[in-house]
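Order of the sequence lines sets the chain letters (A, B, ...), proteins ahead of strands, with each chain counted from 1. Note that these values count all heavy atoms, side chains included, but never hydrogens, waters or copies made by symmetry. All of these numbers come straight from a predicted model, not from anything done at the bench.
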Amino acid sequence: GAVVSQHPSWVICKSGTSVKIECRSLDFQATTMFWYRQFPKQSLMLMATSNEGSKATYEQGVEKDKFLINHASLTLSTLTVTSAHPEDSSFYICSARGGGSSYNEQFFGPGTRLTVL
Amino acid sequence: AQKITQTQPGMFVQEKEAVTLDCTYDTSDQSYGLFWYKQPSSGEMIFLIYQGSYDEQNATEGRYSLNFQKARKSANLVISASQLGDSAMYFCAMERRESNYQLIWGAGTKLIIKP
């Protein structure tokens, strides 16, 4: 199947700093990318949906100024956690979907574990 | 409201036995897809099996089969001949084709296979 990468795999940062997470589709063009957040022992929570070249659509309760999403190309989306605080510590997962109608075209990245001290 | 319900927070199963993980869903969409994913402790989401709402036959992928009962709105995952490596979290998800193909997720079931 298609491959989606995330970078970094894990990051530890100080409170108040910003962290950027990259999500790349390596062998297909991702017209839509999804960003999820997962707390320990919980399910995935959709944060936002981004389509290439347009602004991301954020889910209710997700601060768009806090979690900046950019989907500048068909192979790259970035999530920037601005002024991170300990409560932002979580596992962040992206998924990417191609332009066809097949269900097969949504693939998940390996996730990024963020710890804010 | 769109919702996925997984009523089993955790399950212990003896190795080599079959196991059924429950999933019920609620949707007003006419066309949708149902997925099962496995998430080991490493965190990666591993696709297991898919069922489309208009598929009449139950999906099968190796040891995995999906017991799809549309009238009851259930999509249970059956794992035959369980293995130690099957120990993981299992999530049921529904694809909303009418909403940018977003996935609605269940709370998950933690499956532990005992030797």
Asker: Assigning hydrophobic clusters by single linkage (Ile, Leu, Val, Met, Phe, Trp, Tyr; side-chain heavy-atom cutoff under 4.5 Å), is B:L48 placed with B:V78?
Answerer: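 No.
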Asker: Distance check, rounded to the nearest 0.5 Å: A:F108 atom CZ versus B:Y37 atom OH?
Answerer: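 It is 4.5 Å, given to the nearest 0.5 Å.
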Asker: Within this structure, what is the CG-CE distance for the pair A:L44 and B:M45, rounded to the nearest 0.5 Å?
Answerer: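 One finds 5.0 Å between CG of A:L44 and CE of B:M45.
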Asker: Looking only at heavy atoms, which two atoms of A:F34 and B:N100 are closest? And how far apart?
Answerer: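 Heavy atoms only, the tightest pair is CZ-O, 3.3 Å.
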Asker: Name the region of A:L46, side chain, backbone, both or neither, that has any atom closer than 4.5 Å to a heavy atom of chain B.
Answerer: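 Looking at A:L46, just its side chain touches chain B.
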Asker: Quick check: closest heavy atoms across B:G43 and A:F91, and the distance to 0.1 Å?
Answerer: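 Closest heavy-atom pair between B:G43 and A:F91: O-CE2, 3.5 Å.
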Asker: Check whether A:Q6 gets within reach of chain B through its side chain, its backbone, both or neither, counting any heavy atom under 4.5 Å.
Answerer: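 For A:Q6, there is no contact with chain B at all, as no heavy atom is under 4.5 Å.
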Asker: If every non-hydrogen atom of A:S43 is compared with every non-hydrogen atom of B:G106, which pair is closest and at what distance?
Answerer: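 Heavy atoms only, the tightest pair is OG-O, 2.5 Å.
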Asker: Measure B:L103 against the heavy atoms of chain A and call it side chain, backbone, both or neither at under 4.5 Å.
Answerer: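 Backbone plus side chain of B:L103, per the 4.5 Å heavy-atom cut-off to chain A.
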Asker: Given that the side chain runs from C-beta out, which part of B:Q6 has a heavy atom under 4.5 Å from chain A: side chain, backbone, both or neither?
Answerer: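 Answer is neither: B:Q6 stays 4.5 Å or more from chain A.
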Asker: Linking I/L/V/M/F/W/Y whenever any side-chain heavy atoms sit under 4.5 Å apart, do B:M89 and A:F39 land together?
Answerer: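 In one cluster: no.
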Asker: Working to the nearest 0.5 angstrom, can you tell me the gap between A:R97 CZ and B:Q102 CD?
Answerer: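 These two atoms lie 11.5 Å from each other.
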Asker: Do you know which two heavy atoms are closest between A:Q38 and B:F91, and how far apart they sit?
Answerer: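 In this case the closest contact between A:Q38 and B:F91 is NE2-CZ, 3.7 Å.
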Asker: For the hydrophobic clusters of this structure (ILVMFWY residues joined by side-chain heavy atoms under 4.5 Å, transitively), does one cluster hold both B:L111 and B:L66?
Answerer: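 Same cluster.
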